[in-house]
Amino acid sequence: TPVDAAAKRSPNPRRGFWTLPAGYLEARETVMDGARREALEEACAEIAVGDLFAVYNIPRISQDHLFFRATLLRDAVPCGPESLEVPLFRWDEIPEAELAFPTTHWALAHYREIAGQAAFAVRTNPPGD
């Protein structure tokens with residue numbers, strides 16, 4: 001069973017590398033609405049946003065990255081205008097050497113840790129990062 005929809009980035013930085021659908025919030029947008037919008041824009045993926053599972057602080061670029069568990073509402077995930085490709089990967093197929101950002105690596109590892117758990121602590125930056 002596929003576990004993850006990833007998008008090969010069209011814009012820079014890191015064009016051609018894989019990431020999870022993500023982006024910036026728009027004015028007066030909730031984080032959950034932003035997650036739904038970004039998944040739709042980047043992967044044409046309609047999702048039901050679930051639990052927040054990770055918050056990463058990236059002070060050198062003045063960003064905070066929030067990751068949610070989500071469920072695809074339909075199996076088809078066509079390519080959005082901000083992506084070059086949008087396949088569904090099984091865990092053993094994820095091209096880890098081609099992931100775009102450290103937070104993508106962290107989120108995948110942390111998601112794998114909490115998979116199947118109903119209750120868990122929200123994950124944060126790994127030690128030393």
Side-chain angles (χ1 to χ4, degrees):
T1 307
V3 295
D4 190 25
K8 186 176 271 191
R9 291 179 56 80
S10 177
N12 279 314
R14 307 289 287 164
R15 178 182 167 83
F17 283 80
W18 297 99
T19 190
L20 300 169
Y24 297 100
L25 292 175
E26 294 181 355
R28 294 182 283 286
E29 183 174 51
T30 68
V31 293
M32 294 180 84
D33 287 342
R36 280 188 287 274
R37 179 184 50 75
E38 288 291 343
L40 193 59
E41 287 177 2
E42 294 187 10
C44 295
E46 294 178 29
I47 62 170
V49 178
D51 299 323
L52 176 72
F53 75 87
V55 176
Y56 306 122
N57 298 292
I58 318 297
R60 68 178 175 76
I61 56 174
S62 301
Q63 292 182 6
D64 298 310
H65 297 189
L66 287 70
F67 287 87
F68 295 89
R69 293 201 277 196
T71 303
L72 282 171
L73 298 178
R74 57 186 170 91
D75 291 337
V77 184
C79 196
E82 298 181 15
S83 302
L84 300 171
E85 297 178 53
V86 183
L88 295 175
F89 289 105
R90 288 181 173 76
W91 281 111
D92 62 346
E93 298 172 330
I94 295 171
E96 293 192 32
E98 298 173 39
L99 296 178
F101 306 109
T103 54
T104 307
H105 287 273
W106 303 344
L108 289 170
H110 286 148
Y111 180 81
R112 202 167 195 175
E113 286 176 8
I114 58 124
Q117 295 181 25
F120 52 86
V122 172
R123 301 321 201 237
T124 59
N125 297 48
D129 287 311

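Note that the coordinates shown come from a computational prediction; the quantities given were computed from them, not determined experimentally.
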Test item: Ser83 and Trp18 side chains (from C-beta on) under 4.5 Å apart, heavy atoms = no
inquiry  = Could you measure the distance from the CD1 atom of Ile47 to the CZ atom of Arg37? Nearest 0.5 Å is fine.
reply    = 11.0 Å
key: Close side-chain approach of Arg123 to Ile114, heavy-atom, < 4.5 Å   = yes
For residues 100-108, which side-chain N or O atoms pair as donor and acceptor with protein atoms under 3.5 Å away, sequence neighbours left out?
from, atom 1, to, atom 2, distance (Å)
Thr103, OG1, His65, ND1, 3.1
Thr104, OG1, Thr19, OG1, 3.3

key: Student check: side-chain heavy atoms of His110 and Tyr56 closer than 4.5 Å   = yes
task = Kindly indicate whether the side chain of Leu25, heavy atoms from C-beta on, has any atom under 4.5 Å from the side chain of Val31.
result = yes
ask   = Quick one: does Ile58's side chain get under 4.5 Å of Asp64's, heavy atoms only?
value = no
ask   = Ignoring hydrogens and geometry, is there a side-chain-to-backbone donor-acceptor pair from Gln63 to Asn57 under 3.5 Å?
value = no
task = Show the numbers, then the answer: is there a side chain to side chain contact (heavy atoms under 4.5 Å, CB included) between Phe53 and Phe120?
result = CA-CA 8 Å; Phe53 75 87; Phe120 52 86; 3.6 Å; yes
query = For Ala39, does its backbone N or O pair with a side-chain atom of Glu42 as donor and acceptor, under 3.5 Å?
reply = no
request  = Can you sort out the partners of Arg74 under salt bridge (Lys or Arg N to Asp or Glu O under 4.0 Å), two or more places apart, ordered by chain and number?
outcome  = Glu46
Residues which pass side chain to side chain donor-acceptor pair (under 3.5 Å) with Asp51, listed by chain and number, not counting sequence neighbours = Arg69
inquiry  = Quick check: is Leu20 connected to Trp91 through a chain of hydrophobic side chains (ILVMFWY, heavy atoms under 4.5 Å apart)?
reply    = yes
key: Flag, side chain of Glu98 to backbone of Ile94, donor-acceptor distance under 3.5 Å   = no
request  = Report yes or no: do Val122 and Leu66 belong to one cluster of Ile/Leu/Val/Met/Phe/Trp/Tyr joined by side chain heavy-atom distances under 4.5 Å?
outcome  = yes
Glu38-Tyr24 side chain donor-acceptor pair, cut-off 3.5 Å = no
ask   = Shortest non-hydrogen contact from Arg36 to Val49?
value = CG-CG2, 3.5 Å
query = Closest heavy-atom contact between Phe68 and Gly50?
reply = CD2-O, 3.5 Å
query = Could you go step by step and tell me if Leu99 and Phe17 meet the side chain to side chain contact (heavy atoms under 4.5 Å, CB included) rule?
reply = CA-CA 6 Å; Leu99 296 178; Phe17 283 80; over 6 Å; no
inquiry  = I'd like to know if Met32 and Val55 are part of one continuous hydrophobic network [Ile/Leu/Val/Met/Phe/Trp/Tyr, side-chain heavy atoms within less than 4.5 Å].
reply    = yes
